[in-house]
J.: 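Just passing along the structure, written as structure tokens.
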Amino acid sequence: MVDRLARSRRHRALLSTPWLSRRWKRFNNKCHESFLFMLDPLAPPQQDGVMKAESETLLFTGKPAKASREGARGPGRPSREQIEARNRELLDHALDLFLERGFAGTTIEAIIDDLGMARRTVYARYGDKITLFKAALQRAIDDWVVPEEQLRAAESEDFQQTMLGVARLMVGHATSPSGMRLTRIAHAEVIRMPEIGAYLAERTERRAMAYLVDLFRRRLALADPEDAAKAFMLLVVDGAFQARVWHGSDDAEIERQTAYRTGLFLNGVG
């Protein structure tokens, strides 16, 4: 017992010296850090303000936001060109079914099922069957009609060759498969929807008439260019169409009749 007290007094005497006191404090701090590390190995020792400030900057803060590109679309979203191509496919297929089954025998569901399109997409764009039918028919008519620029490109110094070129363009469009299809479906539904006939006449006959009247005024000194334009349409264009529909004339026969009737017309107005 006396020896223990003596050793304790010697320890306190040694620790009271400045140099040994500092060494003892460092030893205690190291032991404390080791104890904390065993409790949480990932927790860094925070001895001063520098280490605490560094711990606030995280290495992983979540998935980085993708930089937006100008004009870029969202993931999986179709482009405008893809949407329009899909819409053209819808209108073409709808017109085929309307022609095959008639307006009454065709349903939007049948059109959609064949294409594999979403019903909500079609109904959101067109609403009902009548609107879809008119949209399909209007697009087909607009694609089929002969542009005035194409007719003017057929003009030349030789008026006979000009009229033959114009006649071939008009007859070719009127007797083409798309032209025959449009005429059939328009005639079948014009009583139910007279606006179809009005639109078809506006886009085809009236535009063709307006061009011919202007052509005759520019190239011929006619008192009544409107009558001459009507005569040309009935004799050449409508005549070729009737030959194809009622008599089943082939392309060679249509070409022969077009040239012959154009000559008759020019002799009549000449």
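On a predicted model such as this, the values are computed, not experimentally measured, just so you know. The analysis underlying the following values was restricted to heavy atoms, covering all of them including side chains, and did not include hydrogens, waters or symmetry mates.
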J.: Would you say the side chain of Met193 lies within less than 4.5 Å of the side chain of Lys134, judging by non-hydrogen atoms?
T.: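 In contact.
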J.: Can Asp143 and Arg139 be counted as an ion pair, charged N to O under 4.0 angstrom?
T.: yes
J.: Side chains of Phe133 and Thr106: closer than 4.5 Å at any heavy-atom pair?
T.: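 SC-SC contact between Phe133 and Thr106 ruled out.
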J.: Would a single hydrophobic cluster contain both Leu164 and Tyr260, if residues Ile, Leu, Val, Met, Phe, Trp and Tyr are joined by side-chain heavy-atom contacts under 4.5 Å?
T.: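 No; Leu164 is not reachable from Tyr260 via cluster members.
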J.: Any donor and acceptor pair, going by atom type alone, linking the side chain of Asp224 with main-chain N or O of Asp227 inside 3.5 Å?
T.: no
J.: Is Met170 linked to Leu264 within one hydrophobic cluster, defined over Ile, Leu, Val, Met, Phe, Trp and Tyr using a side-chain heavy-atom separation of less than 4.5 Å?
T.: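 Both belong to a single hydrophobic cluster.
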J.: Hey, what do you get for CD1 (Ile83) to CZ (Arg88), rounding to the nearest 0.5 Å?
T.: 11.5 Å
J.: Does the side chain of Met233 reach to within under 4.5 Å of the side chain of Met209, using non-hydrogen atoms?
T.: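 Yes - at least one pair of side-chain heavy atoms lies under 4.5 Å apart.
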J.: Give a yes or no on whether the backbone of Glu157 and the side-chain of Arg219 come within a donor-acceptor separation of less than 3.5 Å.
T.: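 It does hold such a pair.
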J.: Provide the closest heavy-atom pair for Phe103 versus Lys129 in the form atom of the first, atom of the second, distance.
T.: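 That closest heavy-atom pairing would be O-NZ, 2.9 Å.
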J.: Check the hydrophobic clustering (I, L, V, M, F, W, Y; side-chain heavy atoms under 4.5 Å; chains of links allowed) and say if Leu200 and Val190 are grouped together.
T.: no
J.: Considering non-hydrogen atoms only, spot the tightest contact between Ala240 and Thr175 and give its length.
T.: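 Of all heavy-atom pairs spanning Ala240 and Thr175, the closest is O-CG2, 3.9 Å.
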J.: Any side-chain heavy atom of Phe241 sitting closer than 4.5 Å to one from Val171?
T.: no
J.: Do you know which two heavy atoms are closest between Val269 and Leu222, and how far apart they sit?
T.: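 So the minimum-distance heavy-atom pair works out to O-CD2, 4.2 Å.
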J.: Which atom names give the shortest non-hydrogen contact between Arg261 and Gly239, and what distance separates them?
T.: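 Residues Arg261 and Gly239, closest heavy atoms: NH1-CA, 2.8 Å.
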J.: State, with a plain yes or no, whether a side-chain heavy atom of Arg244 is found less than 4.5 Å away from one of Asp251.
T.: yes
J.: Shortest non-hydrogen contact from Ala94 to Ala136?
T.: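 Taking Ala94 first and Ala136 second, the nearest heavy atoms are CB-CB, 4.5 Å.
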J.: Is any side-chain heavy atom of Thr204 closer than 4.5 Å to one of Tyr199?
T.: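 Not touching, per the 4.5 Å side-chain cut-off.
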J.: Are the side chain of Trp144 and the backbone N or O of His173 linked by a donor-acceptor pair below 3.5 Å?
T.: yes
J.: Can Leu234 be reached from Leu169 by stepping across I, L, V, M, F, W or Y side chains whose heavy atoms are under 4.5 Å apart?
T.: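 Cluster IDs for Leu169 and Leu234 differ.
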J.: For a 4.5 angstrom cut-off between non-hydrogen side-chain atoms, does Leu95 reach Leu91?
T.: no
J.: How about Thr131 and Asp128: do any of their side-chain heavy atoms sit closer than 4.5 Å?
T.: yes
J.: Please answer whether the main-chain N or O of Gly263 pairs with a side-chain N or O of Asn267 as donor and acceptor at a distance below 3.5 Å.
T.: yes
J.: Knowing that exactly one of Asn87, Ile111, Leu90 qualifies, which makes a side chain to side chain contact (heavy atoms under 4.5 Å, CB included) with Val122?
T.: Leu90
J.: If you group Ile, Leu, Val, Met, Phe, Trp and Tyr by side-chain heavy-atom gaps below 4.5 Å, do Phe98 and Met180 land in one group?
T.: no
J.: Test your reading of the model: is there a side-chain donor-acceptor pair from Gln257 to the backbone of Ile254, 3.5 Å cut-off?
T.: no
J.: Distance check, rounded to the nearest 0.5 Å: Ile185 atom CD1 versus Leu99 atom CG?
T.: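 The distance works out to 5.5 Å.
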J.: Using residues 211-218 as the side-chain source, report each donor-acceptor pair under 3.5 Å to any protein atom, sequence neighbours left out, with the distance given to one decimal.
T.:
| from | atom 1 | to | atom 2 | distance (Å) |
| --- | --- | --- | --- | --- |
| Tyr211 | OH | Leu151 | O | 3.4 |
| Tyr211 | OH | Glu155 | OE2 | 2.7 |
| Asp214 | OD2 | Arg152 | NH2 | 3.0 |
| Asp214 | OD2 | Arg218 | NE | 2.8 |
| Asp214 | OD2 | Arg218 | NH2 | 3.4 |
| Arg217 | NH2 | Glu226 | OE2 | 2.9 |
| Arg218 | NH1 | Glu155 | OE1 | 3.2 |
| Arg218 | NH2 | Glu155 | OE2 | 2.8 |

J.: Taking all atoms of both residues into account, what is the closest heavy-atom pair of Thr262 and Ala167, and its distance?
T.: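 Distance-wise, the nearest heavy atoms are OG1-CB, 3.5 Å.
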